2 protein chains.
Amino acid sequence: MSYTAETAAQGVQNVVRALEGRWKLVILFQLFGGQVRRFSDLERAIPGVSQKMLIQQLRQLEGDGVVARVVHHQVPPKVEYHLTEWGQSLCPALDALLIWAESAPPELRSRLVEVMRSHEPDA
Amino acid sequence: MSYTAETAAQGVQNVVRALEGRWKLVILFQLFGGQVRRFSDLERAIPGVSQKMLIQQLRQLEGDGVVARVVHHQVPPKVEYHLTEWGQSLCPALDALLIWAESAPPELRSRLVEVMRSHEPDA
DNA sequence: CGGAATCCAAATTGATACTG
DNA sequence: CAGTATCAATTTGGATTCCG
């Protein structure tokens, strides 16, 4: 079977689904480039997210092999997250997305931002 | 304010949300590289999608300026979709995603595929 | 601190039927 | 062909409470 754009799109879809979710990309951007963040860091760095959602999305990313979770058995508990090797290989794509996002037409950009502000506290 | 990774991640999030949605990326991969597809083409090319979802996602992509919709006033009706200029500029990112997806570890890949097969007809 | 569990509200999605 | 409309089902998200 030849490797047409169509079969590629169908195949890639399965994997790309690992990125689907309201907070997945935001989390990944936080872990971008190999950064290590603990749970509370992520919670603080991502304004609109709830504890439940953050955990849920992290668990899914972990289950999909994109993010790794390290538990330090101490009191108080300390759990750190970072990209797996495969997750690291996603960085070029994240970077490309970053570039694309910044190239967004100003009107569009502000319109999209406006949607975001719905759930933000004040400013 | 300096342009840290954090602010970038926060800012980019607003724009990247335009890609969120169960079928958005799949659609974009279909339109990859400037391809023009009519509605029924997309419907056929994307197995699990319902007519309603396809339209909805297309409309959102259109509203976000990523996809353009061209109506040919004929009988029978003919509507074609393609990437806008800004949408085209997303291609490098899509390409990076493609590369990433193909680099997925085999076990992971088959596990993700397995999820997909739930709604596929046969093979 | 980091998380699990529960309950409930809201948004998404799907199936179906109808239309220009 | 390319939609729209409607309703039911599923998923998602948030608030709260409890635990190691």
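The structure displayed is predicted, hence computed values, not measured ones. Letters A, B, ... are given to chains in the order of the sequence lines, protein chains preceding strands, and every chain is numbered from 1. Reckoned from all heavy atoms, side chains included, excluding hydrogens, waters and symmetry mates.
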B:Q57 side-chain N/O to B:W23 backbone N/O, donor-acceptor pair under 3.5 Å: yes

- request: State whether the side chain of A:W100 and the backbone N or O of B:V15 hold a donor-acceptor pair below 3.5 Å, judged by distance alone.
  value: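 No: the side chain of A:W100 does not pair with the backbone of B:V15.
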
From [atom1] of [X] over to [atom2] of [N], roughly how many Å is that when rounded to an integer?
X	N	atom1	atom2	answer
A:W23	C:dA11	CH2	P	14 Å
A:M53	C:dA10	CE	P	17 Å
B:H72	D:dC1	NE2	C1'	13 Å
A:L54	D:dG14	CG	P	11 Å

Would you list the protein and nucleotides 2-6 of chain D atom pairs, both N or O, that sit under 3.5 Å from each other?
{"from": "D:dA2", "atom 1": "OP1", "to": "B:R38", "atom 2": "NE", "distance (Å)": "3.0"}
{"from": "D:dA2", "atom 1": "OP1", "to": "B:R38", "atom 2": "NH2", "distance (Å)": "3.2"}
{"from": "D:dA2", "atom 1": "OP1", "to": "B:V79", "atom 2": "N", "distance (Å)": "3.2"}
{"from": "D:dA2", "atom 1": "OP2", "to": "B:S40", "atom 2": "N", "distance (Å)": "2.8"}
{"from": "D:dA2", "atom 1": "OP2", "to": "B:S40", "atom 2": "OG", "distance (Å)": "2.9"}
{"from": "D:dG3", "atom 1": "OP1", "to": "B:R59", "atom 2": "NH2", "distance (Å)": "2.7"}
{"from": "D:dG3", "atom 1": "OP1", "to": "B:R69", "atom 2": "NE", "distance (Å)": "3.3"}
{"from": "D:dG3", "atom 1": "OP1", "to": "B:R69", "atom 2": "NH2", "distance (Å)": "2.5"}
{"from": "D:dG3", "atom 1": "OP2", "to": "B:Y81", "atom 2": "OH", "distance (Å)": "2.6"}
{"from": "D:dG3", "atom 1": "N7", "to": "B:Q51", "atom 2": "OE1", "distance (Å)": "2.9"}
{"from": "D:dG3", "atom 1": "N7", "to": "B:Q51", "atom 2": "NE2", "distance (Å)": "2.5"}
{"from": "D:dG3", "atom 1": "O6", "to": "B:Q51", "atom 2": "OE1", "distance (Å)": "3.2"}
{"from": "D:dT4", "atom 1": "OP1", "to": "B:R59", "atom 2": "NH1", "distance (Å)": "3.1"}
{"from": "D:dT4", "atom 1": "OP2", "to": "B:R59", "atom 2": "NH1", "distance (Å)": "3.3"}
{"from": "D:dT4", "atom 1": "O4", "to": "B:Q51", "atom 2": "OE1", "distance (Å)": "3.4"}

query: Do B:V71 and B:L42 share a hydrophobic cluster (ILVMFWY, side-chain heavy atoms under 4.5 Å, transitive)?
result: yes

- request: Inspect the surroundings of CD in A:E85 and state if more than 12 heavy atoms from other residues, nucleotides or ligands are less than 6.0 Å away.
  value: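 No, because the 6.0 Å sphere around CD of A:E85 holds 12 heavy atoms or fewer from other groups.
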
field: A:G65 to A:W86 - nearest heavy-atom pair and separation
entry: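 In this case the closest contact between A:G65 and A:W86 is O-CE3, 3.7 Å.
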
statement: Heavy-atom nearest pair, B:C91 first then B:L83, reads SG-CD1, 3.9 Å

query: Is the phosphate of D:dT12, meaning OP1 or OP2, less than 4.0 Å from a side-chain N or O of A:Q56?
result: no

message: Students often get this wrong, so: under 4.0 angstrom with heavy atoms, is A:E20 touching a base, only sugar-phosphate, or nothing?
response: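 Nothing, no heavy atom under 4.0 Å.
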
